[in-house]
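One structure is given below, encoded as structure tokens.
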Amino acid sequence: MIKLGADENFNRRVVTGLLRRRPDLDVVHLRDTELLGADDPTLLAWAAQEARILLTHDVETMVGFAYARIAQGLPMPGLFVVGSTAPIGTVVEHLLVALGSTLGNDEWEGQVVYFPL
């Protein structure tokens with residue numbers, strides 16, 4: 001099963017679109033958890049502990065922290081960086097294509113992928 005985490009500023013409409021098309025996805029929106037307000041390294045550590053690909057719009061800081069985890073040899077189950085101005089439908093489609101060819105989260109380990117493709 002594919003497991004995702006959406007950081008607190010991630011567009012909820014994208015999450016809703018994903019779940020409408022793939023109700024089997026396990027998605028946790030971090031704004032609905034105790035991690036609300038946590039810093040990026042904490043969110044990435046949580047995603048690694050939970051084996052969840054993290055969805056973010058934060059290209060400014062999250063990407064650097066993800067690469068730092070990789071450089072340190074720490075687990076980083078994948079970071080999907082989604083353009084914040086991209087059309088919702090396009091983003092959902094591109095994410096679904098990527099996830100549709102995925103057998104499990106481990107395929108994205110150590111990768112930072114930008115969407116839309």
Side-chain angles (χ1 to χ4, degrees):
M1 173 188 291
I2 298 170
K3 294 170 35 177
L4 303 171
D7 78 12
E8 68 184 71
N9 296 316
F10 195 76
N11 189 329
R12 192 177 292 273
R13 291 179 7 201
V14 173
V15 173
T16 300
L18 287 171
L19 290 172
R20 280 189 182 142
R21 299 276 307 278
R22 287 276 311 269
D24 62 312
L25 290 175
D26 178 355
V27 183
V28 172
H29 207 292
L30 297 178
R31 75 169 75 159
D32 299 330
T33 73
E34 70 282 349
L35 291 167
L36 181 65
D39 62 11
D40 292 349
T42 300
L43 299 179
L44 288 164
W46 172 85
Q49 180 181 4
E50 296 289 318
R52 290 182 182 276
I53 298 166
L54 192 60
L55 303 170
T56 188
H57 296 299
D58 182 2
V59 70
E60 296 295 321
T61 60
M62 186 70 79
V63 171
F65 287 117
Y67 282 125
R69 284 187 69 81
I70 296 166
Q72 295 169 24
L74 296 171
M76 207 289 292
L79 180 66
F80 288 180
V81 183
V82 177
S84 60
T85 61
I88 305 267
T90 300
V91 169
V92 169
E93 252 341 284
H94 285 227
L95 288 169
L96 289 173
V97 167
L99 295 172
S101 63
T102 300
L103 298 176
N105 283 32
D106 57 337
E107 292 183 43
W108 299 101
E109 178 68 35
Q111 295 188 51
V112 175
V113 183
Y114 292 83
F115 290 89
L117 297 171

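When reading the values below, keep in mind they use all heavy atoms of this one structure, side chains included, and skip hydrogens, waters and symmetry mates. Keep in mind it's a predicted model, so treat the numbers as computed, not measured. Numbers here simply count residues along the sequence, with the first being 1.
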Output yes when a side-chain donor or acceptor of E8 lies under 3.5 Å from a complementary backbone atom of G37, and no otherwise. yes
Can any side-chain N or O of H94 pair as donor or acceptor with the backbone N or O of V82 at less than 3.5 Å? no
Run the salt-bridge test on R52 and D26 with the 4.0 Å N-O cut-off and return the result as yes or no. yes
Of all pairs that satisfy side chain to side chain donor-acceptor pair (under 3.5 Å), the ones with a partner from residues 16-25, not counting sequence neighbours: R21-E93, R22-D24
Do D40 and R69 sit within salt-bridge range, that is, some charged N less than 4.0 Å from a carboxylate O? no
Return the set of residues passing side-chain hydrogen bond (donor to acceptor under 3.5 Å, both in side chains) with R13 (not counting sequence neighbours), or none when no residue passes. none
Are V97 and L18 connected, step by step, through hydrophobic side chains (Ile, Leu, Val, Met, Phe, Trp, Tyr) whose heavy atoms are closer than 4.5 Å? no
Hydrophobic cluster (4.5 angstrom, side-chain heavy atoms) - remaining members for F65: V28, L30, L35, L43, L44, W46, L54, V59, M62, V63, Y67, I70, M76, L79, V81, V112, Y114
Any chance you could measure E107, atom CD, to L99, atom CG, to the nearest 0.5 Å? 10.0 Å
Minimum heavy-atom separation for L19 and L25, please, with both atom names. CD2-O, 3.6 Å
Evaluate whether atom CD of E60 has more than 12 neighbouring non-hydrogen atoms of other residues, nucleotides or ligands under 6.0 angstrom away. no
All heavy atoms of V91 vs all of P116, minimum pair found to be CG2-CD, 4.4 Å
Taking the inter-plane angle between the rings of F80 and W108 on a 0 to 90° scale, is it parallel (under 30°), tilted (30 to 60°) or perpendicular (over 60°)? perpendicular
Keeping the roles fixed (side chain from K3, backbone from E50), state whether a donor-acceptor pair exists under 3.5 Å. yes
So N11 and H57, do their side chains get closer than 4.5 Å, heavy atoms only? yes
If you define the side chain from C-beta out and look only at heavy atoms, does anything of D58 sit under 4.5 Å from N9? no
Any idea which heavy atoms bring P77 and A48 closest together, and the distance? CD-CA, 3.6 Å
L4 CG to H29 NE2 distance, which is reported to the nearest 0.5 Å: 11.5 Å
